[in-house]
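Below is one structure, written out as structure tokens, with a few remarks after it.
Residue numbering restarts at 1 for every chain, and letters A, B, ... go by the order of the sequence lines.
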Amino acid sequence: MLQIQQIKENKEATIAGLKKKHFKNAEEAVEQIIALDDKRRETQNELDSTLAKSNALAKEIGGLMKAGKKEEAEAAKAETSTLKTRSKELDETLKSIESELYEVLVTLPNLPHSSVPEGKTPEENEVILENGTIPTLAEDALAHWDLIKKYDIIDFELGNKITGAGFPVYKGKGARIQRALINFFLDEAIAAGYAEVQPPILINKDSGFGTGQLPDKDGQMYHATVDDLYLIPTAEVPITNLYRDVILQEAELPVKNAGYTPCFRREAGSWGAHVRGLNRLHQFDKVEIVRIEKPENSYAALEEMSLHVQGLLQKLELPYRVLRLCGGDMSFTSALTYDMEVFSGAQKRWLEVSSVSNFETYQANRLKLRMKTEGKSQLLHTLNGSALALPRILAAILENNQTPEGIRIPKALVPYCGFDIIA
RNA sequence: GGAGAGAUGCCUGAGAGGCCGAAAGGAACAGUUUGCUAAACUGUCGUACUGGUAACGGUACCGAGGGUUCGAAUCCCUCUCUCUCCGCCA
């Protein structure tokens, strides 16, 4: 959520930023917010002074009662009733203005960082670097959805039976390589200074609001209605919400957390030709890194996170590229996002495996995540990134490393797997 | 799931209609002092909105939401959560 103060002080920049994000009616929304805020302030001032008067009167009455001046007390009592109705009215007006203001405010996306390229579609994202060699596979190279059948390591049919489409069953070396990847990613994160956390994978509504999944994206989450809980779409949600309503000491910063969780996404309406096999699932595994930073450090932290993710890809010997997302393709809440994509040799396409973002104060404002400096509290910056999501990594490993003898396991992963080939 | 108890500031904990934004202690921070990994003393020490250049004010918040009252942390109702005991159980 954007801060009203900021919108007011930087009206033109706000409108320009919203436009870069392809938000419609930017001017109208900003004008409306400013007008509503003025009205809110005016109403609150009147309410406060009305309440101040009746507080003073109440005190007076108390004094009169004690002094035994009953008649004077009664007279004063009569006076309070008009103040009371007035303050009730004002309170209702204030509440309705506040909720109206909130309704408009939450529709505004975060403003993009100045380095974010103009553009609307994924094609307009900026490729900022490419690393590794694109593998040259044999003509008859198999896509991962064929490889998993050939070696019997992941079973979609079985998952269909148990749950439904998009819930695969990992078997044998398939299951073991999953476990290896999770441990590998967590160990790397810990080595990079992240503290591991294991959060719940069901969250309540407040948490959904805190990171911005609610109210607009509730259709993307599985909802356990009996208890009104949601299955997490990413560990970002529970981990970031650990710091909801928290005021941190400066010395506690930066906060660096990492956590493995399964992630659940309904992916309503997004199934198509490009989502075969492991490319898109309803349930998948991911190690997420989350950071809370002082505003002046957040962009340095973002670069560090990007390098951390790249390091993982290098150790897994996967060819990758890094994109800086354009205004139109960025998420609602992000100020700057890097996407990491690996090249999937048999599908001959890039697959997004990580997304690292700086949200600046956008999440912190809703979370009420602050730091105290010199007696004043200020909002902090939040960042997160996948490090990494498993399915597409696995798809790329399987495809790129296929040989007539079987699938070679990247060296870095062998100690974790306990085998070096899937044959 | 059944029964009981409770929810107060960073923590412990008092407060039982007006003198309470809230005692006291601890923690933390600042200063003074003592020749030293510390003690003593003094001071500061919740959040948000809001008025004011500022000094300094106003309002709201004692789990959440309602109600009674001129006046509620305190009384009433609803909800949520926590703890203890019982039941069930990985």
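Remark: A:Y102 engages A:M1, A:V106, A:F209 in a side chain to side chain contact (heavy atoms under 4.5 Å, CB included) (not counting sequence neighbours). Judged as a ring pair (Phe, Tyr, Trp, His ring centres under 6.0 Å), and not counting sequence neighbours, the contacts of A:Y299 are A:H113. For A:I7, the side chain to side chain contact (heavy atoms under 4.5 Å, CB included) criterion is met by A:L2, A:T14, A:V30, A:I33, A:L105, A:L108, not counting sequence neighbours. In this structure, the side chain to side chain donor-acceptor pair (under 3.5 Å) partners of A:H381, at least two apart in sequence or on a different chain, are A:S298. Every residue two or more places apart in sequence or in another chain that forms a side chain to side chain contact (heavy atoms under 4.5 Å, CB included) with A:E303 is listed here: A:Y338. With sequence neighbours excluded, the residues forming a side chain to side chain contact (heavy atoms under 4.5 Å, CB included) with A:E405 are A:T403, A:I421, listed by chain and number. Evaluation of the side chain to side chain donor-acceptor pair (under 3.5 Å) rule for A:R324 yields A:E126 as partners, not counting sequence neighbours.
Rounding to whole angstrom units, CG of residue A:N365 and C1' of B:A48 are separated by 13 Å. The nearest whole Å value for the distance from the CD atom in A:E252 to the C1' atom in B:C29 is 15 Å. In this structure, NZ of A:K59 is placed 18 Å from P of B:C70, rounded to the nearest angstrom. The separation between A:D245 atom CG and B:G9 atom P is 14 Å, rounded to whole Å. Summarising the geometry, the separation between CD1 on A:I61 and P on B:G17 is reported as 20 Å, rounded to the nearest angstrom. Rounded to a whole Å, the CG atom of A:D206 is 13 Å from the C1' atom of B:C81. The nearest whole Å value for the distance from the CD atom in A:E46 to the P atom in B:G51 is 14 Å. Atom pair A:Q5:CD and B:U50:C1' shows a separation of 12 Å (rounding to whole Å applied).
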Protein-nucleic acid N or O pairs under 3.5 Å, nucleotides 66-69 of chain B:
| residue | atom | partner | partner atom | Å |
| --- | --- | --- | --- | --- |
| B:G66 | OP1 | A:K95 | NZ | 3.4 |

What N/O pairs connect the protein and nucleotides 57-61 of chain B at under 3.5 Å? Give each pair on its own line.
| residue | atom | partner | partner atom | Å |
| --- | --- | --- | --- | --- |
| B:G58 | N2 | A:D48 | OD2 | 2.8 |
| B:U59 | OP1 | A:N55 | ND2 | 3.2 |
| B:U59 | O2' | A:D48 | OD1 | 3.0 |

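The side-chain hydrogen bond (donor to acceptor under 3.5 Å, both in side chains) test with A:D339 singles out one residue from A:S357, A:S355, A:S354, and that residue is A:S355.
Using a cutoff of 4.0 Å between basic side-chain nitrogens and carboxylate oxygens, A:E89 and A:R86 are scored as salt-bridged.
There is a side-chain donor-acceptor pair under 3.5 Å between A:Q310 and A:Y320.
Taking atom P on both nucleotides, B:G71 is separated from B:U59 by 15 Å, rounded to a whole Å. One P atom belongs to B:A54, the other to B:G6, and the distance between them is 47 Å to the nearest Å. Comparing B:A73 with B:A64, their P atoms sit 12 Å apart, to the nearest whole Å. Only the P atoms considered, B:C76 is 27 Å distant from B:G1, to the nearest whole Å. When the C1' atom is compared between B:G4 and B:C62, the two are found 24 Å apart, to the nearest whole Å. Between B:G26 and B:U44, the distance separating the two P atoms is 16 Å to the nearest Å. Atom name P, nucleotides B:A38 and B:C49: the rounded distance is 38 Å, in whole Å. Nucleotides B:A23 and B:G15 have their C1' atoms positioned 8 Å apart, rounded to a whole Å.
At the phosphate of B:U50, neither OP1 nor OP2 sits under 4.0 Å from any side-chain N or O atom of A:T43.
Within the structure, salt bridge (Lys or Arg N to Asp or Glu O under 4.0 Å) pairs that include any residue of residues 49-58 of chain A do not occur (at least two apart or interchain).
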Distance-only criterion, 3.5 Å: show the donor-acceptor pairs between side-chain atoms of residues 184-196 of chain A and protein atoms not counting sequence neighbours.
| residue | atom | partner | partner atom | Å |
| --- | --- | --- | --- | --- |
| A:D187 | OD2 | A:Y416 | OH | 2.8 |
| A:E188 | OE1 | A:K315 | NZ | 2.8 |
| A:E188 | OE2 | A:K315 | NZ | 3.3 |
| A:Y194 | OH | A:R291 | NH1 | 3.2 |

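Between A:R370 and A:L57, the residue anchored nearer the 5' end of RNA chain B, judged by the nucleotide with its closest heavy atom, is A:R370. Place A:A58 and A:E98 on RNA chain B by their nearest nucleotides, and A:A58 ends up nearer the 5' end.
For the pair A:K173 and A:F419, the cation-pi test (distance below 6.0 Å, angle within 45°) is passed.
Paired regions of RNA chain B, where each region holds three or more successive Watson-Crick or G-U pairs whose two hydrogen-bonding distances fall under 3.5 Å, are B:1-7 with B:80-86, B:10-12 with B:24-26, B:28-32 with B:40-44, B:46-51 with B:56-61, B:63-67 with B:75-79.
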